[in-house]
Amino acid sequence: MKAKIQCLIDWLGENRSDSQAWQILFALASETLKRADSADPAQREFDVLGIAQACHDGRDWDYESAKRWFSRAAVQTYLEARRSELDAYFRERGHDQSFAVTQRPSTGRYRAQWYLSPRDLESGDAGDGSAVGPNLSQTGCGSVEPDLVYEFTPPSAIKLSFVGRWLMGQGSFVTRSFRGSLWAALMMGSLLALLALLASLYLFWSMSRLQRPVTTGDLIGIMILVGGAWVFWLFLVRPWVRLLEDRIVPAGEVLIGWHEAPAYLDMTKDGKFRYVRLVRYGGVCPVCAGTICLLYTSDAADDG
C-alpha cells in the first residue's frame, strides 16, 4: 500500500496546483502514508476538520467552516476529471489499482470520515497514448475537444432568501397568477421610474437655457438623476427585457440564499401554463475540474 500512496504523492507533485482540491488530496495522501503500517483502518480515516488543519495548520478552524471549505473544493470531481491521466500514471508504474476519495457516512453521533480507497484501473490501451479519456471526443481537425455536460438544479433544490420566497414562492410561479401580476407591476414600475428620471434629466437640460448661474445643487441633482437612471436600467429594466427576449438571465443575488451558488431566472412552458423559475445550470470543466456557470455577455446577446 505504501508504494501506491507514494505513487499518488508523486503524481500530485508532478501536477502541482494551487486549488483546494489538490491541497486536500496531498494532505490525505501524506497523512495516510504516515499510518500505512497501522493494522486499524480507522487510523487512515479523517474528518474534514482534521483535513483542513493538515492543509492550513496556522488557521483557526471550526468544524462548520472546515465542512464548507471542504465541500467547495469538490475533491471527488477534481479527481474524476483527471481519472484517465491518474490511471495511466499508476499503470505505467506497474500498479493495478489507483485511489478514490471515499466518505464513510456518520451514524449521527460521529462525524463523517474521509479516506483513500483502492480503485481498480480503468481498462484501456495505455501503450500508444492514443486513447481518448472520458468526456473527450475526436474532432474533424484531428484535435481532442472536451464534451461539456451541464447539470440542471430544479427550483425546489435552490435555497431562497426572504425576498426570494416572497417573490418566487417555492422557486417558480405561473405567469398568469397573483405573483405573475406582482412581477409585471414591478417591471412596469421600474420602467415608469426610469421614464420619470429621464424626464427629470430633460427638465434639467431645458433649465440650461435660463440665464442664471449653475449652482452646486444643480450639479448634485444631475449626478443623482444620471446615476439613478443608470442603476434602474442596469438592475431593473434590462434584466426584464433580456428575460422576455432570451428566456434566461442570471438571477439577482437578492433572490437566493447567502451561501447559494449563482442561479438563473428562466421562462418555460409545459403545454398549458408558462412559468418563471429560479433554476441552476452548472457543469464541471473536463480539463481543470473547475465549476462552469452561464454568463450573459453582450456578444452572446448579439449572436443570439
Side-chain angles (χ1 to χ4, degrees), residues 71-72 74 77-78 80-81 135-137 139 145-195 197 228-304:
S71 299
R72 288 195 299 266
T77 302
Y78 178 92
E80 287 303 320
N135 300 327
L136 298 177
S137 61
T139 63
E145 185 178 83
D147 292 333
L148 177 62
V149 179
Y150 279 97
E151 297 180 357
F152 174 75
T153 304
S156 57
I158 298 177
K159 186 177 180 181
L160 301 175
S161 65
F162 173 78
V163 176
R165 290 193 298 270
W166 182 65
L167 291 175
M168 301 290 301
Q170 299 299 319
S172 66
F173 61 87
V174 179
T175 55
R176 294 186 178 181
S177 64
F178 170 75
R179 280 197 171 87
S181 302
L182 177 61
W183 279 66
L186 290 175
M187 180 175 63
M188 294 301 298
S190 302
L191 183 59
L192 291 176
L194 178 61
L195 293 176
L197 288 173
W230 174 248
V231 169
F232 267 92
W233 165 253
L234 186 65
F235 294 104
L236 295 177
V237 178
R238 189 174 66 170
W240 292 111
V241 175
R242 287 179 169 177
L243 180 61
L244 295 175
E245 290 181 349
D246 302 325
R247 298 294 187 265
I248 182 170
V249 294
E253 295 183 358
V254 70
L255 297 177
I256 59 178
W258 183 258
H259 296 293
E260 276 290 326
Y264 310 92
L265 287 173
D266 76 346
M267 297 185 70
T268 185
K269 190 175 182 181
D270 63 358
K272 185 178 180 181
F273 299 105
R274 187 178 296 277
Y275 295 87
V276 174
R277 307 179 302 173
L278 186 67
V279 297
R280 180 180 297 118
Y281 296 92
V284 177
C285 177
V287 178
C288 68
T291 301
I292 297 178
C293 300
L294 300 180
L295 179 64
Y296 200 109
T297 63
S298 58
D299 294 338
D302 295 338
D303 295 340

So that I can tick it off, tell me whether Arg247 and Asp266 are bridged by a salt bridge, with the cut-off set at under 4.0 angstrom between side-chain N and carboxylate O.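 Salt bridge absent between Asp266 and Arg247.
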
Taking every non-hydrogen atom, the tightest pair across Met168 and Arg277: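 Of all heavy-atom pairs spanning Met168 and Arg277, the closest is CE-C, 4.0 Å.
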
Identify the heavy atoms of Thr153 and Ala157 that sit nearest to each other, and give their distance.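 Answer, listing the atom of Thr153 first, then Ala157: CG2-CB, 3.6 Å.
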
Do the non-hydrogen side-chain atoms of Leu265 and Leu278 ever get within less than 4.5 Å of each other?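 A side-chain contact exists here, since the closest heavy-atom pair is under 4.5 Å.
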
The criterion is side-chain contact (heavy atoms from CB on, under 4.5 Å); which residues satisfy it with [X], sequence neighbours excluded?
| X | value |
| --- | --- |
| Arg165 | Leu160, Phe162 |
| Ser177 | Phe173, Val174, Arg179 |
| Pro262 | none |

Once rounded to the nearest 0.5 Å, what's the spacing between atom CG of Leu255 and atom OG of Ser161?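 Taking CG in Leu255 and OG in Ser161, the distance rounds to 6.0 Å.
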
